[in-house]
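Working notes, structure below.
One-based numbering along the sequence shown. This is a predicted model, so every value here is computed, not measured.
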Amino acid sequence: MEKQVIEYAGIPVGITIPDGDRLKFIAVKYPVIELDGGTYRNLGELQSAIHQHLQKSEDDQGMFRVAANGSSAGAARRVFNAA
């Protein structure tokens, strides 16, 4: 496992670092700060947690929700990017 930058809707929201056989998420954007320090089995589990968190939030996560679910987004459009 390597360190990875995690983007949501084209916006970097954090990084992952290896933590044993898991990935630890380090948030770099306030909208996902509640997930900071969480550990996940894989990127899919982390991406799901971020997506669910941003869908439930009513505060300042609007730009992420629109970017991820905007009407112009195709069904196959990728919301996440890990580099």
Side-chain angles (χ1 to χ4, degrees):
M1 282 191 240
E2 301 176 6
K3 295 178 187 177
Q4 294 182 310
V5 174
I6 304 300
E7 294 181 356
Y8 184 83
I11 300 169
V13 296
I15 63 168
T16 61
I17 57 173
D19 188 21
D21 63 345
R22 298 176 66 85
L23 297 172
K24 185 172 186 174
F25 180 65
I26 307 298
V28 297
K29 292 290 185 189
Y30 183 75
V32 295
I33 198 71
E34 291 177 9
L35 302 176
D36 186 55
T39 60
Y40 302 89
R41 289 179 296 217
N42 54 48
L43 278 176
E45 185 177 66
L46 170 59
Q47 291 169 342
S48 178
I50 292 170
H51 187 73
Q52 289 175 13
H53 175 73
L54 293 174
Q55 293 301 304
K56 290 189 295 188
S57 299
E58 295 296 329
D59 299 335
D60 56 349
Q61 286 87 351
M63 70 176 174
F64 291 108
R65 279 195 303 275
V66 169
N69 300 309
S71 58
S72 63
R77 183 173 173 271
R78 292 184 52 111
V79 175
F80 284 97
N81 184 30

Holding to side-chain contact (heavy atoms from CB on, under 4.5 Å), I want the full list of residues that pass it with Asn42, two or more places apart in sequence or in another chain.
Glu45
Could you tell me the separation between the CD1 atom of Ile6 and the CG atom of Leu43, rounded to the nearest 0.5 Å?
5.0 Å
Gap between atom CD of Glu7 and atom NZ of Lys29 - 0.5 Å precision:
10.5 Å
Supply the atom-to-atom distance Thr39 OG1 to Leu46 CG, rounded to the nearest 0.5 angstrom.
10.5 Å
In this structure, OG1 of Thr16 is separated from CD of Glu2 (nearest 0.5 Å) by 9.5 Å
If hydrophobic clusters are built from ILVMFWY residues whose side chains come within less than 4.5 Å, do Tyr30 and Val28 share one?
no
CZ on Arg41 to CZ on Arg22, rounded to 0.5 Å
6.5 Å
Side chain of His53, backbone of Ile33: donor and acceptor closer than 3.5 Å?
no
Taking side-chain hydrogen bond (donor to acceptor under 3.5 Å, both in side chains) as the test, write out the residues that go with Gln52, two or more places apart.
Ser48
Hey, can you tell me if Tyr40 and Phe25 have their rings parallel, tilted or perpendicular (30° and 60° cut-offs)?
perpendicular
Rounded to the nearest 0.5 Å, the CD1 atom of Ile15 sits from the NZ atom of Lys3 at a distance of 6.5 Å
Please check: side-chain N/O of Asp36 versus main-chain N/O of Ala27, any donor-acceptor pairing under 3.5 Å?
yes
